[in-house]
Amino acid sequence: MIRILEPDEAKKIAAGEVIDRPAALVRELIDNALDAGALNIELSIEKGGIKKTEIVDDGCGMNKNDLSLCIKTHATSKIQSLDDLSRFTTLGFRGEALAAAAAVARLEIVTSTDGKEAWLLETEPYKLTQTRRNRGTSVRAFGLFDSIPARKRFLKREPSEAMLCRQIFTEKAMAFPGVSFRFVQDGVLKLQFLSCTNTGENASVLQKRFGESILEPQERSFLHAEKTAGKGFSVTIVFGGPELFRKDRRQQYIFANKRRIQDFGMMQALEFGLAGLFPNGTHPLGAVFIDTDPAMADFNIHPAKREVRFADSGAIHHSVTAALRKYIHGNTHDYTHIKYGNEPVIKTTPEKQEGFISLSSGNQTQEAFAAEKETGYNPVEYSGSSAGNAEKKHNNIRLVGRVFDLFIIVEQGDKLYLIDQHAAHERILYDHFLSANISTQKLLIPIPFSTGNDEEDTFLQTKKDEFTNLGIMLQNEGGGSWLIEALPAGWKTTDSKTVEVILALQNANENLVERWAATLACHTAIKDGNYLDDKSALSLAESVLKLSDKEVSLPRCPHGRPLWKTLSRDELFKAVRRKE
């Protein structure tokens, strides 16, 4: 049987499409503050934004009549007709934000247009009274989803919701460097971005705000900015040099007319433009700020305005890629000796030398084992003599070459060894971590995370001292909220992956030390595609072949893979029928 929903029920269901969690409320309220011309915005949340979310701004404010209308469905001051969709310049325009918020939370709105006359609107019960306030607007939302328990049950734990609110806050601040932002969580000031001195779309202020938003101070000097333009659009690209490579694309941002959007094609343009500059399997970080004629883009194709349809996305894509390639071409000399971590990376193609044929192909980069040096142990530090070019023979081991960007080929006696460089290095590091203290490095900014259940809390608390011995310092903040305050020196991966790996150790049972040593070795070992110079390759081969003296069976990495494959002189001669 078909029936018409009661207006109140229909409103709450529709509101859930706009405000699905505290972070969505934060996004909509900050958009309103920015559209009101605010130069100072403060976000304050309690209990992940579920108990309270408040935005205070110094924008243009509202008069009494506008305040009474603002919580009505489809009430907006930003468009007058359908035709306005082709030329609007504001972040919000649908007139759903405050109406949706009022349907799923209790609102208090205080506003003034001149600082002389101010009004307070309360939604439960509805009341409009005169009050005092400086020019601007404050919106407070209490008890999100208290009236919709079914939706409230699907919210994450409070620390996780708080992190999502913080993420939205950071994205908004990133696109508006001329605005000052403050973020207060449970009464504590967590973030503050002061207005950059040069406002507008100047590349330097976007670069400065981007660095402040997501990077540690010592990383910000490796940021660069380029500008490009085409018919109906201009683009500012802020990007990190090869010193700031990442394991995933989480720190890649695309903005269209100051609104963050999801656009894989533009992220691809960032990757293509910087191709060849980063170690194999890693990604650049950066932000692409697109400013386009509103008539050349459709922002009305996604309920949360996360997607945009450009009239000529190909032109923007090409412009971004070309600008980045031009930058790289003009600064090639700067990347002859790049630094990953604390050690130099030689980015060059090895020359052919007398008596030696290089079999290397693909991405020829060498990480120079910064991670191993940071841990106090570098198994591939060459110990042989050197006269100009690297020696290719030491202790009866002769380096033949490399193949498939993974295998080192060496000759010893009457055998040829194809050594898996990653598995070999992983095994050497694994043995070292089990036999020596793991060096710890304090984090400048602790990594916050929240557990998913009480079992994870119990595991972390019970094993806290053991984790300290393994180079991981944890701080229990209570309520499922934790901080990672230190990690093993040389540990390099994303925050989310770090948390995932630590929580996965719950399945190690009594083999916690061995499991962590294997994980740490895997993350810090050289990878498939990393190019080793002759000295490093020969030293790694020498170190790993010594294992055959200690073990009866073929040595393996912690995950069970053989470290090498051998081919004897007799086997090779028989294979080509030189010997029966």
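Side-chain atoms are counted along with the backbone in the values below, which use heavy atoms only and exclude waters and symmetry mates.
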Exercise for review: Please assess Ser180 against Ser195 for the test side chain to side chain donor-acceptor pair (under 3.5 Å), listing each intermediate value before the final yes or no.
Suggested key: CA-CA 5 Å; Ser180 294; Ser195 172; 4.7 Å; no
**Study point:** Test side chain to side chain contact (heavy atoms under 4.5 Å, CB included) applied to Asn32 and Leu98, step by step
**Key:** CA-CA 9 Å; Asn32 280 349; Leu98 290 176; 4.0 Å; yes
Exercise for review: Applying side chain to side chain contact (heavy atoms under 4.5 Å, CB included), run through Lys227 and Val235 and close with a yes or a no.
Suggested key: CA-CA 6 Å; Lys227 300 198 78 170; Val235 184; over 6 Å; no
Review point. Between Arg246 and Glu219, does a salt bridge (charged side-chain N to carboxylate O under 4.0 Å, His left out) hold up when you go through it step by step?
Key: CA-CA 13 Å; Arg246 296 293 189 258; Glu219 294 180 308; 3.3 Å; yes
Exercise for review: For Ile19 and Leu144, run side chain to side chain contact (heavy atoms under 4.5 Å, CB included): C-alpha distance rounded to whole Å, both residues' side-chain angles, the deciding distance at 0.1 Å, then the answer.
Suggested key: CA-CA 9 Å; Ile19 310 295; Leu144 185 64; 4.2 Å; yes
Check your understanding: After noting the C-alpha distance and the side-chain angles of Phe310 and Ile316, does the key distance pass the side chain to side chain contact (heavy atoms under 4.5 Å, CB included) rule?
Key -> CA-CA 9 Å; Phe310 296 102; Ile316 303 175; 3.8 Å; yes
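Heavy atoms only, all atoms of each residue included: Val288 and Leu270 are closest at CG2-CD1, 4.4 Å. Here the closest non-hydrogen pair linking Leu503 and Leu460 is CD2-CD1, 4.0 Å. For the residue pair Leu128 and Ser68, the shortest heavy atom distance occurs at CD2-CB, 4.3 Å. Looking at every heavy atom in both residues, Cys165 comes nearest to Pro22 through SG-CB, 3.7 Å. Heavy atoms only, all atoms of each residue included: Met174 and Ser213 are closest at CE-CB, 3.9 Å. Scanning both residues, Val205 and Pro177, for their nearest heavy atoms gives O-CB, 3.6 Å.
In this structure the side chain of Thr53 reaches within 4.5 angstrom of the side chain of Val26, judged on heavy atoms. Inter-residue side-chain proximity for Leu505 and Phe459 is flagged as met; some heavy-atom pair is nearer than 4.5 Å. Between Val238 and His224, the closest side-chain pair of non-hydrogen atoms is not below 4.5 Å. Counting heavy atoms from C-beta outward, Arg27 and Leu25 have side chains that stay 4.5 Å or more apart. Taking 4.5 Å as the limit, every side-chain heavy atom of Ile168 sits out of range of all side-chain heavy atoms of Arg260. Contact of the Thr137 side chain with the Val110 side chain is not registered, since no non-hydrogen atoms from C-beta on lie closer than 4.5 Å. Asp291 places a side-chain heavy atom less than 4.5 Å from the side chain of Asn257. For the pair Val179/Phe193, no side-chain contact is recorded, criterion being any heavy-atom separation below 4.5 Å from C-beta on.
For Lys51, the salt bridge (charged side-chain N to carboxylate O under 4.0 Å, His left out) partners are Glu46, not counting sequence neighbours. By the salt bridge (charged side-chain N to carboxylate O under 4.0 Å, His left out) test, Glu477 is found to be paired with no residue, residues two or more places apart in sequence or in another chain being considered.
With 3.5 Å as the limit, one finds no donor-acceptor pair spanning the side chains of Ser450 and Ser481. Between Gln252 and His283, the side chains place no donor N or O within less than 3.5 Å of an acceptor N or O (distance only, hydrogens not considered). Donor-acceptor pairing under 3.5 Å is lacking for the side chains of Arg135 and Thr113. Thr111 and Arg133 share no side-chain donor-acceptor pair at under 3.5 Å.
The aromatic rings of Trp482 and Phe449 lie parallel to each other, their planes meeting at an angle below 30°, with 60° marking the opposite boundary.
Interatomic distance, OG1 of Thr228 versus NE2 of His318, reported as 8.5 Å (0.5 Å rounding). Taking CG of Leu43 as the reference point, atom CG of Asp57 lies at 12.0 Å (rounded to 0.5 Å). Taken to the nearest 0.5 Å, the CZ atom of Phe176 stands 12.5 Å off from the CD atom of Glu171. To the nearest 0.5 Å, atoms CG (Leu107) and CZ (Arg140) are separated by 10.5 Å. Rounding to the nearest 0.5 Å places CD1 of Ile484 at 12.5 Å from CD of Gln475. Between Leu223 atom CG and Leu285 atom CG the span is 6.5 Å, to the nearest 0.5 Å.
Under 4.0 Å is where a charged nitrogen must lie from a carboxylate oxygen, and between Arg250 and Asp248 at least one such pair does. At a threshold of 4.0 Å, the pair Glu161-Lys47 does not count as salt-bridged, since none of the basic side-chain nitrogens sits closer than that to a carboxylate oxygen. Ionic pairing of Arg106 and Glu124 is not present here: no N-O contact between side-chain nitrogen and carboxylate oxygen is shorter than 4.0 angstrom.
The salt bridge (charged side-chain N to carboxylate O under 4.0 Å, His left out) contacts involving residues 451-460 comprise Arg157-Asp457, where partners must be two or more places apart or lie in separate chains.
With hydrogens and angles ignored, the 3.5 Å screen pairs a side-chain donor or acceptor of Arg209 with a backbone N or O of Ala173. Checking side-chain atoms of Arg220 against main-chain N and O of Gly211 turns up a donor-acceptor pair under 3.5 Å. Judged by distance alone, the side chain of Asn40 and the main-chain N or O of Asp58 form no donor-acceptor pair under 3.5 Å. The closest donor-acceptor contact from the side chain of Ser112 to the backbone of Glu117 lies under 3.5 Å.
Centroid-to-centroid, the aromatic rings of Phe169 and Phe183 come within less than 6.0 Å. Taking the six-membered ring for Trp and the full ring otherwise, the centers of Phe154 and Phe145 sit at least 6.0 Å from each other. The aromatic ring centres of Tyr327 and Phe239 sit less than 6.0 Å apart. Checked against the 6.0 Å centroid threshold, Phe278 and Phe245 do not count as a close aromatic pair.
Around NZ of Lys156, the count of heavy atoms belonging to other residues, nucleotides or ligands within 6.0 Å does not exceed 12. In this structure, Lys64 places its NZ atom where only 12 or fewer heavy-atom neighbours from other residues, nucleotides or ligands lie under 6.0 Å away.
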